[in-house]
Amino acid sequence: MRKVRPALLKGFDQEFLPQDQLQFDALLDLIRRNFERYGFLPIETPSAERIEVLTSKGGTEKEIYALSRLAAPEDEEAAAKGALRFDLTVPLARYVAMRERELAFPFRRYQIQRVWRGENPQVKRGRFREFYQCDIDIIGRETLSYLYEAEIPSVIYAMFKDMAIGEFCIRINNRKLLKGILQHFEVPEARASEVLRALDKTAKEPEQAILGELGSQGMAAKAAAELYRIITARRESAETLALLTDLAYRNESYTQGLDELGKVTDAARQFGVPDTAFAIDLSVVRGLDYYTGTIYETTLSAHADIGSICSGGRYDDLASYFSNTRLPGVGISIGLSRLFARLKEANLLRPPPRTPAEVLVTMLDADALARYLAIAAELRERDINTEVYLERAKIGKQFEYASKKGFRIAITAGAEEFGRGTVKVKDLASQRESDVPLGEVAARVKQMLDEKVN
RNA sequence: GUGGCCGUAGCUCAAAGGUAGAGUCCGGGGUUGUGAUCCCCGUUGUUGUGGGUUCGAGUCCCAUCGGCCACCCCA
């Protein structure tokens with residue numbers, strides 16, 4: 001029979017060997033645990049949504065995968081109603097708009113699910129067509145206190161501290177402030193997004209390249225240089241605020257943005273985020289379509305090349321396309337697939353357990369199966385994850401299996417041991433083996449496992 | 001979508017126009033009931049696909065498909 005070549009689809013290639021999956025799951029669990037610590041509630045939404053819901057914001061068709069059956073007749077295909085979601089924010093907006101009357105506001109939810117984008121994948125940078133996002137958002141009804149904007153850095157801080165992947169910096173900026181600055185430099189509205197995009201590259205590109213870009217957007221050389229200087233000033237956040245206050249640009253957007261930035265950073269400190277972990281950074285631009293106020297971007301201090309590991313911001317009205325109620329919100333997103341890929345590449349992840357089970361009960365004598373199963377049952381009763389080797393195989397092969405899979409303890413017993421009322425308990429790492437009376441097996445295994453942790 | 005690089009065993013790669021190989025992995029063995037080392041044996045290929053040049057093509061030429069990288073954008 002002709003075999004089908006086992007192969008994956010470009011960009012749909014994130015599957016792991018069990019050992020890597022365990023490591024991935026550990027990272028996911030850590031993120032979830034921290035979200036829950038702050039009282040965020042879990043939700044999931046369907047993988048596919050109505051096309052008009054997904055495209056309500058416009059401009060994203062290119063990367064959206066539409067749904068259609070393989071055997072669909074042409075007319076049906078043309079009428080495809082559904083498509084795979086490309087982020088978790090649009091589905092959230094739809095979700096909240098649909099359930100406004102049942103939810104408790106401010107609504108705090110976390111969502112950890114896959115999303116799909118038809119862009120060119122770049123494996124080395126952790127970019128795929130199917131990937132996990134971990135989002136938290138806080139949605140208010142009509143109003144939402146700036147204090148929630150200050151709470152977000154606190155969640156980020158707790159989470160990445162827990163991850164123990166080195167020093168990181170939560171860089172904070174404000175879209176209104178940026179808008180005010182551009183207004184001051186008389187950048188026309190139509191050119192604003194191009195200018196911001198250019199400023200967003202200050203970390204990657206040399207000054208000359210950016211000044212050139214600003215010039216081609218119509219800025220005078222002197223103004224461009226001045227703008228560049230302000231945007232790239234790196235100071236303690238208090239100093240940056242003082243500097244911005246001194247500039248005293250006279251427009252509403254600037255004044256309001258500066259006020260918000262001051263209040264949010266001040267409050268973040270009260271939430272316990274140390275000054276070493278955050279900074280005001282005017283070159284952070286982020287999500288031009290979404291955010292209207294505070295924006296965040298987090299990077300690792302020792303691994304700038306990894307880029308942003310978590311980003312988000314405040315928006316005035318989440319569900320304006322779906323509801324008349326004004327729903328302001330603030331949230332962040334972690335690209336988990338990307339984060340995992342990059343952290344693993346940089347060797348920053350803790351090694352995972354090699355198997356979820358700690359004990360392997362070998363089968364030396366198939367006739368004694370009942371006794372092996374009884375030992376395993378007793379261990380599981382005591383919350384010790386245990387596997388029984390059920391294939392008839394030479395004992396050497398069973399130990400090889402135990403070693404490869406990473407069990408910590410193997411239990412072996414045959415007629416000889418059972419005759420004495422004992423079993424052999426072996427620590428696989430140290431290769432030490434001892435006889436243990438049947439009644440004490442669980443207690444002894446538990447003791448060995450506890451010792452190893454310390 | 002635009003530009004550059006690359007397709008040989010499951011994986012990493014040799015073979016510079018003349019019989020397709022190595023390492024690794026995987027499987028078996030090294031006499032009674034103990035794994036990571038070592039030794040022996042073994043499986044694996046329409047050289048991405050199609051055409052052309054040649055006595056002869058993995059190698060040269062053309063086309064095509066696939067992959068990687070950069071740009072755009074973003075997680």
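All values below were derived from every heavy atom in this structure, side-chain atoms included, with hydrogens, water molecules and symmetry-related copies excluded. Because the structure is predicted, anything quoted here is derived from the model rather than measured. So that the names make sense, note that chain A is the first sequence line, chain B the second, and so on, each numbered from 1.
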Taking all non-hydrogen atoms of both residues, which atom of A:R129 and which atom of A:K10 are closest, and how far apart? CD-O, 3.5 Å
Rounded to whole Å, CG of A:N120 lies from P of B:rG3 at a distance of 14 Å
Mark yes or no: A:R371 above the aromatic ring of A:F418, with NZ or CZ under 6.0 Å from the six-membered ring centre and no more than 45 degrees from the axis. yes
OP1, OP2 of B:rC73 versus side-chain N and O of A:R197: anything below 4.0 Å? yes
Can you tell me how far P in B:rU2 sits from the matching atom in B:rC13, rounded to whole Å? 29 Å
Protein-nucleotide distance (A:F12, atom CZ; B:rG67, atom P), rounded to Å: 12 Å
Starting from P on B:rC74, measure out to CG on A:L336 and report it in whole angstrom. 21 Å
Does a salt bridge link A:E345 with A:R342, judged by any charged N lying under 4.0 Å from a carboxylate O? yes
Could you tell me whether A:E119 contacts a base, only the sugar-phosphate backbone, or nothing, with contacts defined as non-hydrogen atoms closer than 4.0 Å? base
Taking atom P in both B:rG3 and B:rA63, compute the distance separating them and give it to the nearest angstrom. 14 Å
Compare the minimum distances between each of B:rC72, B:rG67, B:rC74 and the side chain of A:K10, then state the nucleotide with the smallest one. B:rG67
Rounded interatomic separation in angstrom, taking CD1 from A:I64 and P from B:rC74: 15 Å
Strictly under 4.0 angstrom, non-hydrogen atoms only: write out the protein contact profile of nucleotides 27-36 of chain B, one letter per nucleotide from the 5' end, B, S or -. -S-S--BBBB
Hunt down the Watson-Crick or G-U wobble partner of B:rU54, both distances under 3.5 Å, from any strand shown, or write none. none
Just name whichever nucleotide pairs with B:rG23, Watson-Crick or G-U, keeping both distances under 3.5 Å, else none. B:rC11
In the structure shown, which nucleotide is the Watson-Crick or G-U wobble counterpart of B:rA63, with both distances under 3.5 Å? B:rU49
Going by distance alone, is a donor N or O of one side chain under 3.5 Å from an acceptor N or O of the other, for A:D427 and A:Q431? no
Is the phosphate of B:rA75 approached by A:R342 (side-chain N or O, under 4.0 Å from OP1 or OP2)? no
Ring of A:F40, cation from A:R108 - is the NZ or CZ under 6.0 Å from the centre and inside 45° of the axis? yes
Would you mind classifying the nucleic acid contact of A:K201 as base, sugar-phosphate or nothing, using non-hydrogen atoms under 4.0 angstrom? sugar-phosphate
What distance, rounded to whole Å, do you find between the two P atoms, one in B:rG48 and one in B:rA15? 15 Å
Any base atoms under 4.0 Å from A:D365, or only sugar-phosphate, or nothing? Heavy atoms, all strands. nothing
With both distances under 3.5 angstrom, what nucleotide forms a Watson-Crick or G-U wobble pair with B:rU32? none
With rounding to whole Å, what would you report as the distance between B:rG66 and B:rU49 at their C1' atoms? 10 Å
Inter-nucleotide C1' distance (B:rG45, B:rU37), Å rounded: 32 Å
Can you check whether any acceptor in the base of B:rC74 is under 3.5 Å from a donor in the side chain of A:R338, or vice versa? no
When the C1' atoms of B:rA36 and B:rU32 are considered, how many whole Å apart are they? 24 Å
Once you round it to whole Å, what is the distance between C1' of B:rC72 and CD of A:E213? 12 Å
Rounded distance in Å between the C1' positions of B:rU24 and B:rG33: 31 Å
Identify whether the distance between the nearest side-chain nitrogen and carboxylate oxygen of A:E433 and A:K424 falls below 4.0 Å. no
Using the P atom as the reference point in each nucleotide, state the distance between B:rC40 and B:rG4 in Å, no decimals. 50 Å
So that I can tick it off, tell me whether A:E260 and A:R314 are bridged by a salt bridge, with the cut-off set at under 4.0 angstrom between side-chain N and carboxylate O. no
Give none if B:rC73 has no partner; otherwise give the nucleotide forming a Watson-Crick or G-U wobble pair with it, both distances under 3.5 Å. none
Mind checking if A:G126 touches a base, just sugar-phosphate, or nothing, with heavy atoms under 4.0 Å? base
A:D13 CG to B:rG66 P, in whole Å, measures 15 Å
Between A:R197 and A:E194, does any NZ, NE, NH1 or NH2 come within less than 4.0 Å of an OD or OE carboxylate oxygen? yes
Within the structure shown, what part of the strands sits under 4.0 Å from A:F128 by heavy-atom distance: base, sugar-phosphate, or nothing? base
Expressed in angstrom and rounded to an integer, what is the separation of A:F131 atom CZ from B:rC74 atom C1'? 8 Å
Distance, rounded to the nearest Å, where A:L8 contributes CG and B:rG10 contributes C1': 13 Å
Compare all side-chain heavy atoms of A:E358 with those of A:I384 and state whether any distance is below 4.5 angstrom. yes
